[in-house]
Amino acid sequence: MLRAGLQTPVTLVIYNIRTKEEFASLVGRTIELDSAMLLKKLNDEKFCSLLNSDTNNVLSHFIVDNYSFYWNTSLDIFLDKMKTAYNNFWTDERKTKAAALHLTPEEATTLASIVEKEVIRDKELPVVAGVYLNRLKIGMPLQADPTLVFAMRDFDAQRITSRHKEFDTPFNTYRYRGLPPGLICMPRKKSIDAVLNFEQHNYLYFVANPDLSGYSIFSKTYQEQMHNAALYQKKLNQLNIH
């Protein structure tokens, strides 16, 4: 194999990536490509502009999947393969669905990243997507806790506090209306499709079920939400989670 230059492909598994640094590190651990070179590219405004993107949401152009590469794959070849995967995923049908929601593919992916981090049970993905789309439709702040965790890089937080909500950043969806400027993680394909094929309903609120089953309780009114949230907060207090 050495004499003939033959190689066994290695598999790049993209999963649970939140930042550009994590993504570059994952790629650098999998293939010979220098992670610093990739990170520099992802932080290059000129490169991002070629993708009709910017440094905040450039990761939306990398589709979560398993990829086969040769160990000595160059940066250009790596990016070309990622571009092909992106174009294959974003079919005309998906683009049309995003446009019907008044979202670009990048914006749909940004919303999907929030939905991804809000949901434990995959069956709730389209339901939660519907909640956030309802909020966007009426101009209500998204008030998505995972955006606060991302903004502060407080990934081990077990509970959102006033410290998180008061942190001033465009990613704070309690302070600023609309979508944040970029992804808070690289969402799976099913999360993007959950946004594009969201469940239509009248829910505006949801909170984790205090039975800790991983499911949520959905509400149409603020009063219902406050009642359900109080039950969940009580459970966290009982477990001494602060």
Side-chain angles (χ1 to χ4, degrees), residues 6-90 94 104-120 122 125 144-158 169-171 179-195:
L6 300 177
Q7 296 185 55
T8 300
V10 295
T11 302
L12 172 66
V13 180
I14 303 175
Y15 186 77
N16 198 27
I17 296 296
R18 295 165 294 198
T19 66
K20 289 177 287 186
E21 290 79 8
E22 287 180 349
F23 181 53
S25 177
L26 171 66
V27 175
R29 294 196 308 270
T30 306
I31 59 179
E32 189 181 27
L33 196 156
D34 186 349
S35 61
M37 288 177 56
L38 175 57
L39 184 58
K40 182 179 180 181
K41 203 77 169 177
L42 298 176
N43 285 321
D44 183 350
E45 290 287 2
K46 184 176 180 181
F47 168 74
C48 294
S49 67
L50 295 175
L51 301 175
N52 295 318
S53 183
D54 59 43
T55 57
N56 282 313
N57 63 17
V58 65
L59 287 185
S60 64
H61 288 265
F62 297 83
I63 301 298
V64 170
D65 208 339
N66 296 346
Y67 298 91
S68 291
F69 289 100
Y70 289 120
W71 165 252
N72 61 349
T73 297
S74 68
L75 178 59
D76 287 343
I77 292 176
F78 171 79
L79 292 174
D80 283 345
K81 188 164 186 173
M82 292 293 100
K83 182 179 180 180
T84 298
Y86 176 86
N87 291 335
N88 288 341
F89 176 79
W90 278 103
R94 284 192 172 98
T104 65
E106 291 80 12
E107 290 170 336
T109 306
T110 294
L111 181 54
S113 73
I114 297 174
V115 173
E116 172 100 3
K117 286 302 180 184
E118 284 282 21
V119 171
I120 294 177
D122 283 353
L125 287 169
D145 291 352
T147 64
L148 307 181
V149 170
F150 175 84
M152 297 188 70
R153 299 298 195 269
D154 189 12
F155 298 128
D156 294 324
Q158 293 183 289
T169 165
F171 281 90
L179 292 168
L183 313 185
I184 63 168
C185 74
M186 295 176 68
R188 296 167 296 166
K189 294 177 182 177
K190 63 172 60 179
S191 295
I192 301 175
D193 280 335
V195 169

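Heavy-atom basis, side chains included; hydrogens, waters and symmetry copies ignored.
At least one side-chain heavy atom of E45 sits less than 4.5 Å from a side-chain heavy atom of T55. At least one side-chain heavy atom of L79 sits under 4.5 Å from a side-chain heavy atom of F47. In this structure, the side chains of Y86 and P105 come closer than 4.5 Å at one or more pairs of heavy atoms. Y15 is not listed as a side-chain neighbour of N66, based on a closest heavy-atom distance of 4.5 Å or more. By the 4.5 Å heavy-atom criterion applied to side chains, T110 and P180 are counted as neighbours.
Partners of P181 by side-chain contact (heavy atoms from CB on, under 4.5 Å), not counting sequence neighbours, listed by chain and number: N56, P170, F171. In this structure, E32 has no side-chain hydrogen bond (donor to acceptor under 3.5 Å, both in side chains) partners at least two apart in sequence or on a different chain. Looking at residues two or more places apart in sequence or on another chain, you find no side-chain hydrogen bond (donor to acceptor under 3.5 Å, both in side chains) involving D54.
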#### Entry: Evaluation steps, side chain to side chain contact (heavy atoms under 4.5 Å, CB included), between T30 and F69
CA-CA 9 Å; T30 306; F69 289 100; over 6 Å; no

### Query
Can F62 and L183 be said to form a side chain to side chain contact (heavy atoms under 4.5 Å, CB included), step by step?
CA-CA 11 Å; F62 297 83; L183 313 185; over 6 Å; no

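Across all their heavy atoms, A144 and E118 have their closest contact at CA-OE2, 3.8 Å. Taking all atoms of both residues into account, the shortest heavy-atom contact from P9 to Y70 is CG-CE2, 3.9 Å.
One finds the CD1 atom of I184 at 12.5 Å from the CG atom of L59 (value rounded to the nearest 0.5 Å). Taking CZ of F89 as the start and OG1 of T84 as the end, the distance is 15.5 Å to the nearest 0.5 Å. Between M152 atom CE and T147 atom OG1 the span is 12.0 Å, to the nearest 0.5 Å.
Remark: R153 fails to qualify as a cation-pi partner of F155 under the 6.0 Å distance and 45° angle criteria applied to the six-membered ring.
Of the possible polar contacts, none joining the S25 side chain to the E22 backbone as a donor-acceptor pair under 3.5 Å is found. Of the possible polar contacts, one joining the H61 side chain to the L51 backbone as a donor-acceptor pair under 3.5 Å is found.
With S191 as reference, L125 is the one residue of V119, L125, I114 to meet the side chain to side chain contact (heavy atoms under 4.5 Å, CB included) rule. With respect to N16, the side chain to side chain donor-acceptor pair (under 3.5 Å) criterion is satisfied by exactly one of R188, E116, K117: K117.
Ion pairing between a basic and an acidic side chain is recognised when a charged N comes within 4.0 Å of a carboxylate O; D193 and R94 show such pairing.
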